[in-house]
Amino acid sequence: MDALTMLLDDPSLRVPAADLDRYSTDWSRDLSGTPRAVVRPRTTADVASMVRECAARGLPIVPQGGHTGLVGGATPSKDGSEVVISLERLNAIREIDPVNFSMTVEAGCILENIHAAAAAEDCLFPLQLSAQGSCQIGGNIASNAGGLNVVRYGMTRDLVLGLEVVLPDGRIWNGLRKLRKNNTGYDLKQLFIGSEGTLGIITAASLKLFPKPSQIETAFLAVDSPDQAVALFGRARRDLSDLLSAFELLPRRGVELALEVMPGLRDPLSGPSPYYVLMEVAASGLVHLKGLVETFLEGAVESALLSDGTLAANGAQAAEFWRIREGIIEAQARRGRHLRTDVSVPISSLTTFLDAAHADLLRAEPDVLPLAYGHLGDGNIHFNVVPPSGLSEADKTALLHRCEVVIFGLVDRLGGSISAEHGIGRVKRAAFQERSAPLDLDLLRRIKAVIDPNRLMNPGRMFD
Ligand SMILES: Cc1cc2nc3c(=O)[nH]c(=O)nc-3n(C[C@H](O)[C@H](O)[C@H](O)COP(=O)(O)OP(=O)(O)OC[C@H]3O[C@@H](n4cnc5c(N)ncnc54)[C@H](O)[C@@H]3O)c2cc1C
């Protein structure tokens, strides 16, 4: 079968029009488009021939994983011109090498399935995020996802040993090494990590594995303020022998909303507190983790770094604590379109940022509900804003934009980033370009021009 037939006629590769919704509309349901076609290749060779065919016909391509990205990178444009290439059928685990602590997987593997396959070999792949039941490793790599364990294991960029990529002209770049050390020339794979599908289609990856923790302690801790949480974090990093794997900040209002929407959850502590920290410490091997964590918590109480707290008695209770964190996302989603930000500042500036952002925002827009939560241990906060109900769509858009200007302005003043992990896509393109130095943009455009001279790979995402 030639490439033209595969692309346009083979019903086993092409999604029928009636089933297009999940490829056209993103997870949040805020963004949707109209694909020219959606195709689902089964092999890297299929991807290459589809890309060659699109290139020959001048058809723009949108690589798509689980479509859980939050910046419109994988959503086709509304004009019906773009071909969506979904990686969902490229989902084989090609190899697990527990001696090398690595695995090689195809891009369409769902993140949760990668966790399970690694665990079966007593290993851990540490990238964890609430979307892990739907997002794919190719999408994680293309967006350089962060998630809950960055404080210990780094971003996706730090977890990739090698890549296989179909370039915009259909050639297959084989950088699928599984070496920890390799200093031969430019590290080309890093160009594709975080490139949001603008330079090529990732078809497979070699990933770093770690020993699977045999002991995990999860604590739900009450703190009076973000300042206290930052101080507690500093102490935890020093006292917990680098075993800290997650350190999340949750506001009281967020916890209340989570308890409302998640059935069966209860408040872990007896009284309310303005803020909470959800902390996870994990170890494999000979450490006596529970004793270490208890000693740390006793010290923190004596130093007045926390006012109350509880350690999960078992895995089920730990999972309940994490469901509270997930419930904050769910509660916002149920309130419809809202402002999602994903900003970072130096951890030493977090308190200044949170205090000023709340004050400035409520002074300018007293009717909104700010919800600031997230990865305190990485200086990365989702400072989200839920608008009051009853606004027209146009008024909501204008209000959310004004809120974003306030938040991003503060981030700029504190030397932060407007996108710590979700990327730029189309949603943050204008804000990204406004903040980029001319030399930065010039270099980005030159790299794009060398690899994708006809600008057919995810056009209009990240920059014009
Ligand atoms: C509930 C929820 C929680 C989240 N939590 C986090 C979090 O904690 N940390 C975080 O970083 N992100 C988080 N995200 C957003 C995050 O970016 C994604 O969930 C995930 O990394 C995207 O994977 P995906 O497979 O859904 O990619 P998609 O949404 O399909 O695509 C994302 C981008 O990558 C490109 N792309 C996809 N697959 C490929 C490929 N094979 N080759 C080249 N380009 C490709 C797309 O074109 C697009 O630009 C969250 C999202 C949700 C819905």
Side-chain angles (χ1 to χ4, degrees), residues 22-23 25-31 40-41 44 47 51 60-76 82-91 105-112 114 127-150 155-157 163-168 173 191-205 246 248 322 325-333 340 342 344 373-375 378 380-382 384 419-429 452 457-462:
R22 74 192 170 93
Y23 307 92
T25 304
D26 75 347
W27 173 90
S28 70
R29 304 205 70 79
D30 288 351
L31 299 167
R40 294 176 294 177
T44 300
V47 177
V51 168
I61 294 169
V62 182
Q64 193 178 90
H67 213 175
T68 67
L70 297 169
V71 290
T75 310
E82 296 178 340
V83 175
V84 170
I85 298 190
S86 163
L87 279 298
E88 66 190 358
R89 286 181 171 171
L90 239 82
N91 59 5
V105 301
E106 292 185 343
C109 285
I110 302 280
L111 180 56
E112 213 164 61
I114 292 178
L127 177 66
Q128 300 249 8
L129 42 142
S130 309
Q132 61 199 25
S134 320
C135 62
Q136 299 173 8
I137 191 67
N140 302 143
I141 295 170
S143 56
N144 186 28
L148 301 167
N149 297 151
V150 173
M155 302 280 285
T156 301
R157 188 180 294 291
L163 287 182
E164 176 188 86
V165 181
V166 172
L167 300 176
W173 176 67
L191 259 186
F192 297 100
I193 303 172
S195 67
E196 300 185 32
T198 61
L199 297 179
I201 302 186
I202 296 161
T203 47
E248 297 285 309
W322 283 109
R325 166 74 169 75
E326 276 169 37
I328 299 179
I329 304 176
E330 177 62 27
Q332 293 169 86
R340 290 189 185 84
D342 169 37
S344 65
Y373 63 96
H375 318 302
D378 313 323
N380 171 201
I381 293 293
H382 300 297
N384 292 357
S419 177
E421 46 178 29
H422 293 166
I424 303 301
R426 284 184 298 176
V427 170
K428 299 218 173 79
R429 187 181 60 191
D452 184 19
M457 198 54 81
N458 234 2
R461 277 68 169 185
M462 203 182 287

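Counting starts at 1 for both ligands and their atoms, in listed order. In this text the structure is predicted, and so the values were computed from the model without any measurement.
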Should the proximity of L70 to ligand 1, defined as any heavy atom under 4.0 Å, be assigned to the side chain, the backbone, both, or neither?
side chain
Which pair of heavy atoms, one from V47 and one from P41, lies closest together, and at what distance?
CG2-CG, 3.5 Å
Name the orientation class of the two ring planes belonging to H382 and Y373 (parallel below 30°, tilted from 30 to 60°, perpendicular beyond 60°).
tilted
Identify the protein heavy atom lying closest to atom 46 (C) of ligand 1, giving its residue, its atom name and the separation to 0.1 Å.
P63 O, 3.2 Å
Suppose I only count heavy atoms of A131 and a 4.0 Å limit; which atoms of ligand 1 are within that range?
2 (C), 3 (C), 19 (O), 51 (C), 52 (C)
Show the numbers, then the answer: is there a side-chain hydrogen bond (donor to acceptor under 3.5 Å, both in side chains) between H67 and T75?
CA-CA 7 Å; H67 213 175; T75 310; 2.9 Å; yes
Which atoms of ligand 1 are found less than 4.0 Å from any heavy atom of G197?
43 (C), 44 (N)
So, regarding V62 and ligand 1 (criterion: nitrogen or oxygen to nitrogen or oxygen, under 3.5 Å), is there a contact or not?
no
Hey, is ligand 1 close enough to N140 that some N/O pair sits below 3.5 Å?
yes
Between the SG atom in C135 and the CG atom in L127, the distance rounded to the nearest 0.5 Å is 7.0 Å
To check your reading of the model: name the closest protein heavy atom to atom 11 (O) of ligand 1, its residue, and the distance in Å.
G146 N, 2.7 Å
Tightest non-hydrogen contact, residues I201 and V51, listed as CD1-CG2, 3.8 Å
Decide whether an N or O pair under 3.5 Å exists between N144 and ligand 1.
no
Using 0.5 Å steps for rounding, measure from the CE atom of M155 to the CG atom of N149.
12.5 Å
How long is the straight-line distance from CE of M462 back to OG1 of T198, given to the nearest 0.5 Å?
4.5 Å
Is it the case that ligand 1 has an N or O less than 3.5 angstrom from some N or O of T68?
yes
May I ask you to identify the nearest protein heavy atom to atom 28 (P) of ligand 1, giving residue, atom name and distance to one decimal place in Å?
H67 N, 3.6 Å
Shortest non-hydrogen contact from W322 to A246?
CH2-CB, 3.8 Å
For atom 7 (C) of ligand 1, grab the closest protein heavy atom and report residue, atom and distance to one decimal in Å.
E421 OE2, 3.2 Å
Distance in Å, N458 CG paired with Q64 CD, rounded so as to fall on 0.5 Å steps:
10.0 Å
N140 side-chain N/O to A145 backbone N/O, donor-acceptor pair under 3.5 Å:
no
Looking at every heavy atom in both L163 and A205, which two are closest together, and how far apart are they?
CD2-CB, 3.7 Å
If we count only non-hydrogen protein atoms and require a distance under 4.0 Å, does atom 33 (C) of ligand 1 qualify as touching the protein?
no
Heavy atoms only: which of R325, M462, H422, E248 lies closest to atom 12 (N) of ligand 1?
H422
Are any of the N/O atoms in Q64 less than 3.5 Å from those in ligand 1?
no
Do any heavy atoms of H375 fall under 4.0 Å from ligand 1?
yes
With only distance considered, is I202 within less than 3.5 Å of ligand 1 through an N or O on each side?
yes
Does S195 have a non-hydrogen atom less than 4.0 Å from ligand 1?
no
Candidates A142, C135, G147, G423; heavy atom nearest atom 44 (N) of ligand 1 found on A142
Close approach of G425 to ligand 1, heavy atoms, under 4.0 angstrom
no
Would you mind running through ligand 1 and noting each atom that sits below 4.0 Å from a heavy atom of G200?
43 (C)
Are the side chain of R40 and the backbone of R89 linked by a donor-acceptor contact shorter than 3.5 Å?
no
To the nearest 0.5 angstrom, please state how far the CG atom of L111 sits from the CD atom of Q128.
7.5 Å
For atom 31 (O) of ligand 1, the closest protein heavy atom turns out to be A74 CB, 3.5 Å
Ionic contact status for R429 with E196, cut-off 4.0 Å
no
Taking only heavy atoms of A145 into account, list the atoms of ligand 1 that are under 4.0 Å away from them.
11 (O), 21 (O)
Just need the protein heavy atom nearest to atom 17 (O) of ligand 1, so name the residue and atom and give the distance.
S143 OG, 3.6 Å
Exam field: side chain E421 to backbone G147, donor-acceptor pair closer than 3.5 Å:
yes
Consider every N or O of G65 and every N or O of ligand 1, then say whether any pair is closer than 3.5 Å.
yes
At under 4.0 Å between heavy atoms, what of V165 touches ligand 1? The answer is neither
Considering the heavy atoms of G69, write down every atom of ligand 1 situated less than 4.0 Å from one of them.
26 (O), 29 (O)
Please round to the nearest 0.5 Å and tell me the distance separating atom CG of L70 and atom OG of S28.
6.5 Å
I need the atoms of ligand 1 closer than 4.0 Å to a non-hydrogen atom of L87, numbered in the order shown.
41 (N)
Tell me, which protein residue and heavy-atom name are nearest atom 24 (P) of ligand 1, and how many Å apart are they?
G66 N, 3.4 Å
The closest protein heavy-atom partner of atom 1 (C) of ligand 1 is W27 CZ2, 3.8 Å
Which heavy-atom pair separates Q136 from G65 by the least distance, and what is that distance?
OE1-CA, 3.2 Å
